[in-house]
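These notes concern the structure reproduced below.
Because only heavy atoms are used, hydrogens play no part in the values below, and waters and symmetry mates are left out as well, while side chains stay in. When a ligand or atom number is given, it counts from 1 through the structure's own listing order.
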Amino acid sequence: MRHLMSPLDFSVEELEELMTLAEDIENDQEKYSKKCAGKKLATCFYEPSTRTRLSFEAAMMNLGGNVLGFSEASSSSAAKGESVSDTVRVISCYADICAIRHPKEGAPLVASLHSGIPVINAGDGGHQHPTQTLTDLFTIRSLRGEIKDLTIGLCGDLKFGRTVHSLINALVRYPGIKFKLISPEELRVPSYIRDDVLKKNNIEFEELIRLEEAMPDLDILYMTRVQRERFFNEEDYVRMKDFYVLDKNKMTLAKEDMMVLHPLPRVNEISVEVDDDPRAAYFKQAQYGVYIREALILTLLGLN
Ligand code: NCD
């Protein structure tokens with residue numbers, strides 16, 4: 001039985017197979033519409049979500065399967081003090097596969113150790129968000145043709161942003177990838193990413209504060225939200241929240257074919273006037289998230 005805790009759980013070759021499957025699903029949805037008939041996906045979300053939970057549910061429905069679950073800890077037995085491992089042990093009796101989002105780093109991993117069904121980490125605290133990374137990789141591959149020779153700017157909350165941590169982990173395995181890490185001093189990437197991932201793999205990267213400075217070099221700009229829920233005090237959040245605002249003016253500094261990605265939700269970090277720019281790819285990215293989650297469900301259930 002296979003779980004998904006980190007994007008590194010799949011080799012680059014396996015990711016390629018997964019993305020090829022997602023591409024086939026995108027091109028011929030009918031062919032896959034009954035693949036999961038009789039199967040159930042449980043979504044256990046102890047933290048807010050729109051895209052991740054609903055795209056998982058949409059993915060399972062597109063495959064002809066059913067979904068069950070809860071969308072907040074307060075409506076589950078967690079409110080009565082039940083542990084994640086007990087919950088997942090029980091859910092293993094009701095469903096065939098399970099996606100868990102939890103505010104505590106490592107909770108989905110603990111769940112996977114007690115589960116009788118495949119567990120997918122749908123985001124654990126400030127740690128990892130592997131299915132967002134699959135979405136990001138699939139978006140880059142679909143819109144660029146390949147994942148290679150790219151200068152990628154990651155901008156915003158690089159400290160608490162789990163999508164950033166997972167994406168860096170995954171991208172260092174592809175050839176010719178360079179990073180510009182754009183953040184305020186207080187929100188720089190954690191040292192375990194800088195030292196154990198970037199430096200260890202001899203990846204070219206630069207840390208900088210001004211987005212304008214990085215802009216002309218970027219092939220991809222990955223914007224992120226300041227993660228309010230992970231701040232220790234509101235004052236610091238308020239000071240940081242509007243540090244970056246990508247607007248039309250800043251877009252004039254970018255390459256003609258630069259791609260803007262964002263895991264969403266956005267708050268103020270991308271002005272709505274950028275949405276009409278052909279380089280804005282964040283809503284397409286959300287659509288790609290459904291195909292890649294379909295491919296993931298099929299793969300983990302051994303139905304691919
Ligand atoms: C991200 C997350 O939950 O980490 N959202 C998502 O799943 N698309 C990003 C965020 O919340 O800022």
Side-chain angles (χ1 to χ4, degrees), residues 4-7 22 41 43-59 69-73 98-109 120-140 152-171 181-184 187 189-190 193 220-231 236-237 240-246 259-270 275 280-294 296-297:
L4 177 70
M5 292 299 125
S6 144
L41 163 79
T43 51
C44 306
F45 277 57
Y46 297 82
E47 246 196 5
S49 169
T50 301
R51 267 148 299 273
T52 305
R53 188 170 61 82
L54 298 186
S55 66
F56 260 118
E57 296 187 356
F70 54 86
S71 57
E72 47 188 329
C98 168
I100 300 186
R101 168 170 289 191
H102 202 284
K104 283 219 180 81
E105 287 81 3
L109 178 65
I120 299 166
N121 176 4
D124 61 327
H127 186 218
Q128 297 259 12
H129 192 345
T131 63
Q132 182 62 48
T133 296
L134 299 181
T135 301
D136 302 338
L137 295 177
F138 185 49
T139 305
I140 297 171
I152 302 182
L154 299 162
C155 177
D157 187 345
L158 309 188
K159 180 179 181 185
F160 297 115
R162 56 193 173 195
T163 62
V164 167
H165 306 157
S166 283
L167 186 56
I168 293 177
N169 260 301
L171 281 171
L181 304 173
I182 309 150
S183 75
L187 298 179
V189 284
I193 297 279
I220 294 174
L221 172 59
Y222 192 93
M223 293 296 293
T224 63
R225 168 181 76 90
V226 176
Q227 306 281 297
R228 180 181 201 163
E229 63 275 38
R230 314 218 190 279
F231 273 70
D236 285 347
Y237 168 71
M240 299 289 161
K241 74 182 172 67
D242 295 324
F243 204 94
Y244 298 106
V245 180
L246 179 66
M259 192 197 298
V260 184
L261 299 180
H262 191 310
L264 303 176
R266 97 171 117 189
V267 187
N268 283 326
E269 60 281 356
I270 303 181
D275 296 357
Y282 30 92
F283 290 114
K284 274 188 215 148
Q285 190 181 354
Q287 175 65 62
Y288 286 124
V290 179
Y291 306 133
I292 199 76
R293 287 186 173 93
E294 286 185 47
L296 177 66
I297 292 170

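Residues passing the salt bridge (Lys or Arg N to Asp or Glu O under 4.0 Å) test with Arg162, sequence neighbours excluded: Glu47. With sequence neighbours excluded, the residues satisfying side chain to side chain contact (heavy atoms under 4.5 Å, CB included) with Arg53 are Thr43, Phe45, Ser49, Glu57, Ser71. With sequence neighbours left out, Arg225 forms a salt bridge (Lys or Arg N to Asp or Glu O under 4.0 Å) with Glu229.
Within 4.0 Å of ligand 1, the residues that place a heavy atom are Thr52, Arg101, His129, Gln132, Arg162, Thr163, Arg225, Gln227, Pro263, Leu264, Pro265, listed by chain and number.
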Test side chain to side chain donor-acceptor pair (under 3.5 Å) on Thr163 and Gln132 and set out the steps. CA-CA 6 Å; Thr163 62; Gln132 182 62 48; over 6 Å; no
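Ile182 places none of its side-chain heavy atoms less than 4.5 Å from the side chain of Leu154.
Ring geometry for Phe160 against Phe231 counts as tilted: the plane angle lies between 30° and 60°, on a 0 to 90° scale.
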